[in-house]
Amino acid sequence: MSKDWPLWEVFVRARGGLDHRHVGSVHAPDAEMALRHARDTYTRRMEGVSLWVVKSTDIAASDPDQSGELFEPAATKIYRHPTFYELPDAIKHM
Amino acid sequence: MYTTELDKTATAPTPISGEDPALIAAFEARVAADEFIEPKDWMPEAYRRTLTRQISQHAHSEIVGMLPEGNWLTRAPSLKRKAILLAKIQDEGGHGLYLYCAAETLGTSRQQMIEALHSGRAKYSTIFNYPTLNWADIGAVGWLVDGAAIMNQVPLQRTSYGPYARAMVRVCKEESFHQRQGFDIMLTMANGSPEQKAMAQDALNRWWWPSLMMFGPPDDNSPNTAQSIRWRIKRETNDELRQKFIDATVPQAELLGLTIPDPDLKWNEERGHYDFGAIEWDEFYAIVRGEGPTAKERLKDRRAAWNDGAWVRAAADAHEAKRAARSAVAA
């Protein structure tokens, strides 16, 4: 059995002004082939105007088992949200 | 194109495992709350195994599903039909790729899955072991086989494993074109000459029962269904989906002016569903075992496609090796 080509994660920008979004992955020996495969696999219906591919092994990810500690500070700092503050009725917009 | 779990007896009820009961309980609670499970999350081995089998079978079905239709590409009746069929077949290839990617996130490599298919160990949908004898079959396949596939796949968009659910969203978005192009072929033939209408009827006669079998064995003979439903891998049972498909398809056949080959088919006012005749399950199990009319030919064609492409993969490897060597020298 031969070896799989490296895995590349594929990101597509649906149209100008939007972020590239992760859509899936492809196997390819190099970046150029990865782009070609990504085009054929993920943009057969005008899904995008721009493609990024990045080797999956080059992505560092947070550990889901640590997500409690990692994201907890955001939940306890509700004063970061504007709705935390009560405005006097006289002020209509702020 | 379609999935239902075959080969169920292989891993019937979950074996007692050495897994941490607290982890299992937390997992069950997340799934019960309709949360999505992602690749790096903890999951029971049986969940991983069931999903790997189901997703890879689904991927294999998409890939093998290209073969019966490819058979008619060079004989499509017009350039328009040919271009449409080509696009549909390309979609099926794409669906296979989305699904292989999803299955790989569970820890099985693409090579292992392809090897399992080519060696005959892995299963794919029984429907592709029936031959496509004439052009009307292309209509019937799109209308009925893709129709049944959609019925199966729509609930899978909410399956509990994130990568599988996301792949299914993409697949479903593309699949409804497949069904409509098939119905369009049937409509054209049903409204054509008497010979064309007879061809459409003949194709319906041959594809109706195999399409119903696509939903898999009846619920009372489907040992893993309860666990798959609890884990939200499946959202509806085989029999529920089969009934939905029949209810949706009968009026479409009437509109075509064609007759569904089931003398027992009758609207049941009380149930609010169509009653239908008994399904020949012996035929289904024979085909699962690889005894379909074209099973050997399908695998032979698959292996040939893979082997004939070997030089392309080798060339791409050589190109990359040369490029890497050059940049190493330059550095």
Side-chain angles (χ1 to χ4, degrees), chain A residues 1-15 18-49 51-72 75, chain B residues 23 26 30 35-43 86-105 108-116 118-119 162-163 166-167 169-171 173-174 177 306-307 310 312-324 327:
Chain A
M1 204 190 306
S2 55
K3 210 164 90 281
D4 273 328
W5 280 332
L7 193 65
W8 302 73
E9 298 301 323
V10 179
F11 300 80
V12 174
R13 185 201 294 282
R15 53 175 197 278
L18 296 181
D19 293 325
H20 285 77
R21 259 185 78 181
H22 184 245
V23 292
S25 47
V26 292
H27 285 281
D30 58 40
E32 190 192 338
M33 286 281 281
L35 280 171
R36 285 170 186 269
H37 287 170
R39 171 199 171 274
D40 288 345
T41 310
Y42 295 104
T43 62
R44 289 194 301 282
R45 286 179 175 75
M46 298 184 292
E47 285 93 340
V49 295
L51 276 169
W52 287 352
V53 292
V54 56
K55 265 195 186 154
S56 306
T57 48
D58 289 342
I59 294 179
S62 62
D63 179 352
D65 293 335
Q66 303 290 317
S67 58
E69 296 89 318
L70 192 59
F71 300 109
E72 187 276 338
Chain B
L23 284 175
R30 284 187 66 195
E35 278 185 42
F36 286 103
I37 305 300
E38 294 294 340
K40 293 175 88 182
D41 295 345
W42 188 88
M43 61 188 85
L86 195 56
K88 176 186 192 296
I89 294 171
Q90 191 189 24
D91 274 356
E92 307 298 3
H95 296 176
L97 295 178
Y98 307 155
L99 288 159
Y100 280 130
C101 284
E104 283 175 78
T105 63
T108 305
S109 76
R110 178 82 57 99
Q111 287 288 344
Q112 283 171 311
M113 289 187 270
I114 288 176
E115 170 65 20
H118 290 180
S119 70
R166 292 190 286 275
V169 169
R170 302 187 68 84
V171 168
K173 224 192 288 178
E174 299 179 352
F177 134 61
W306 179 254
N307 294 334
V312 180
R313 295 191 297 276
D317 279 334
H319 177 74
E320 165 58 14
K322 199 186 268 180
R323 196 202 56 79
S327 61

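By convention in this document, chain letters (A, B, ...) are assigned in the order of the sequence lines, proteins followed by strands, and residues within each chain are numbered from 1. All values derive from a computational prediction rather than experimental measurement.
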Report, by ascending residue number, the residues of residues 29-41 of chain A in heavy-atom contact with chain B at a distance under 4.5 Å; give 'none' if the set is empty.
A/P29, A/D30, A/M33, A/T41
Using a 4.5 Å heavy-atom cutoff, which residues in residues 54-62 of chain A come close to chain B?
A/A61, A/S62
Taking everything shown except A/W52 itself, do over 12 heavy atoms lie less than 6.0 Å from its CH2?
no
Test side-chain contact (heavy atoms from CB on, under 4.5 Å) applied to B/R166 - qualifying residues, sequence neighbours left out
B/E38, B/P163
Residues which pass side-chain contact (heavy atoms from CB on, under 4.5 Å) with A/E72, listed by chain and number, not counting sequence neighbours:
A/T76
Rounded to the nearest 0.5 Å, what's the gap from [atom1] on [X] to [atom2] on [Y]? Could you check?
X	Y	atom1	atom2	value
A/R45	B/D91	CZ	CG	4.0 Å
B/T105	A/L7	OG1	CG	10.0 Å
B/Q90	A/R44	CD	CZ	5.5 Å

Given the options A/S67, A/A28, A/G24, A/S25, which has more heavy-atom pairs under 4.5 Å with chain B than any of the others?
A/S25
Given the options B/R110, B/K173, B/R323, which has more heavy-atom pairs under 4.5 Å with chain A than any of the others?
B/R110
Run the side-chain contact (heavy atoms from CB on, under 4.5 Å) check on A/Y42 and B/R170 step by step: do they pass?
CA-CA 9 Å; A/Y42 295 104; B/R170 302 187 68 84; 3.7 Å; yes
